[in-house]
There are 2 protein chains.
Amino acid sequence: MAQRKSPTRPRSAAPPRPRDAEQTRSEILQAARVLFATRGYANAGMREIAAAAGITPALVVRYFGSKRDLFVAAIESDIGLGPFLGPDRATVGRHIARYFFSKPVREADVLSILLHAAGQPDVCDLATELLTTRVIQPLARWLGPPRAEARAALLLAIISGTWLFRQALPMRAFAGGPDTALASCMAAQIQHVVDGPPEA
Amino acid sequence: MAQRKSPTRPRSAAPPRPRDAEQTRSEILQAARVLFATRGYANAGMREIAAAAGITPALVVRYFGSKRDLFVAAIESDIGLGPFLGPDRATVGRHIARYFFSKPVREADVLSILLHAAGQPDVCDLATELLTTRVIQPLARWLGPPRAEARAALLLAIISGTWLFRQALPMRAFAGGPDTALASCMAAQIQHVVDGPPEA
DNA sequence: GTTTTTTGTAAACGGCTGTTGACTTCTAGC
DNA sequence: GCTAGAAGTCAACAGCCGTTTACAAAAAAC
């Protein structure tokens, strides 16, 4: 029988992962973003997240406290349309559409994560607050009158709806790249809302 | 101590529900629609659905077999934009917007249920198939060229995004009635897609 | 070289889940 | 009235969940 050198590490086939707290922490966050985005808050389990990060679920708890706190940490870092809200208003529709349709399907994204928070009692309040203060309000300020808030909300709905069917379900009709007819339709539609009030 | 007349019904304060299989079945379906729509497929439990219908979870299983089959039964009855796809194309945007913004927040709706299917491995295939065959394809036929399918997908995204933020999260910015600025913006936006290709 | 702190694992906890089988209770047919 | 079957309840199952506790190993401090 093969002798085992130590009872706690029976085989050294997998080398012991180098202990680096900072990298482990970021790997947990990355795994959480991917799984929250693709499977939703309820369906992404702690064991699944831990396995994707290559560690043990107990360690996830030790790093982030609880699943809800991990969710908060996964989305509070980067959210918002800030990079698009520059002075060039004439091409913002094309830029946004190109950005979203260039990302590969099923990639982690803050918007997907927030959409999956719908219906989860313990995180949907957080999601609505973040979407209001970090997306709708800055967008409304950038759009300006008339009907700034309504147009901002409509833009959020267009982008989120497209993103939802592309990333979360996902549907084949939304699967193409940035040169599809759908991407250009979306660009024109966004631009139409940005340019002016869609009704007198 | 108060004597109990029978061990199986200790108190007759609540009269025994009249036994009507057909009505019970429809009450289960209604409760399932409401809870699937508001809490999502994963978070709506069988016990919760049964309690909302006034019965026992075992009875739900006996009527519908499993949770997934109940989900199928709850959505397959009514789905589609059929009622709106009439010959009058000039006002369809206003009609759709008025319809959606007239429904009270948190009411059961097939669209909400389908959106909540995102990320659930056992039902999202069914959701994408239903949305494709019952919504996108009829809508594309009704719209006609050019870019029929892309425009249909975009319309689905606009409606679903608005509906998601209004019903599922829900966000205050989407909470108003059919006379709000957002409703009229949405109507104009839908009409813009229906009327013609948003880009040459 | 020894001790302390950090980084990680292993196993278990209570609680909730969908589902099942055995059991009552009401109702319709004879 | 009696009985067969439908309608419904009850208690329990196995399995998964997030979380906790106890412990091992690596790194750092002294």
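A, B, ... follow the sequence lines: proteins, then strands. Residue 1 opens every chain.
Mapping T56(A) and R47(A) onto DNA chain C by nearest heavy atom places T56(A) closer to the 5' end of the strand. Each of V61(A) and N43(A) has a nearest nucleotide on DNA chain D; the 5'-most of these lies closest to N43(A).
Spacing between atom CG of L59(B) and atom P of dC26(C) amounts to 15 Å, rounded to whole angstrom units. Rounding to whole angstrom units, CZ of residue R68(B) and P of dT19(C) are separated by 11 Å. Computed from coordinates, the F71(B) CZ to dT19(C) C1' distance equals 19 Å when rounded to whole Å. The separation between E22(A) atom CD and dA27(D) atom P is 17 Å, rounded to whole Å. If you measure from atom CZ of F36(A) to atom P of dG18(D), you get 9 Å, rounded to the nearest angstrom. One can place CD1 of I49(B) at 14 Å from C1' of dT19(C), the figure rounded to the nearest angstrom. A straight line from CE of M46(B) to P of dG15(D) spans 19 Å, rounded to a whole angstrom. In this structure, D20(A) atom CG and dA28(D) atom P are separated by 10 Å, rounded to whole Å.
V194(B) has its side chain within reach of W142(B): a pair of non-hydrogen atoms, C-beta onward, lies under 4.5 Å apart.
F64(B) comes within contact range of no nucleotide atom at all, as no heavy-atom separation falls under 4.0 Å. Within 4.0 Å (heavy atoms only), A42(A) reaches no atom of the nucleic acid at all.
With sequence neighbours excluded, no residue satisfies side-chain hydrogen bond (donor to acceptor under 3.5 Å, both in side chains) with E129(A). Under the side-chain hydrogen bond (donor to acceptor under 3.5 Å, both in side chains) criterion, E48(A) pairs with R39(A), not counting sequence neighbours.
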How does protein contact run along nucleotides 1-6 of chain C, one letter per nucleotide 5' to 3', with B for base contact, S for sugar-phosphate only, - for none, heavy atoms under 4.0 Å?
------
Please tabulate, for side-chain N and O atoms in residues 54-62 of chain A, each donor-acceptor pair with protein atoms closer than 3.5 Å (sequence neighbours left out).
none

Taking distance alone, no hydrogens or angles, what donor-acceptor pairs closer than 3.5 Å link side-chain atoms of residues 170-178 of chain A to residues at least two apart or in another chain?
none

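Proximity of T24(B) to the phosphate of dG8(D): a side-chain N or O atom is located under 4.0 Å from OP1 or OP2. OP1 or OP2 of dG8(D) sits under 4.0 Å from a side-chain N or O of Y63(B).
Applying the ring-ring contact (aromatic ring centres under 6.0 Å, His included) test to every pair with at least one member in residues 33-56 of chain A, sequence neighbours left out, gives these pairs: F36(A)-Y41(A), F36(A)-F71(A), Y41(A)-F71(A).
Just one residue in the list Q30(B), Q23(B), R25(B) forms a side-chain hydrogen bond (donor to acceptor under 3.5 Å, both in side chains) with E27(B), and that residue is Q23(B).
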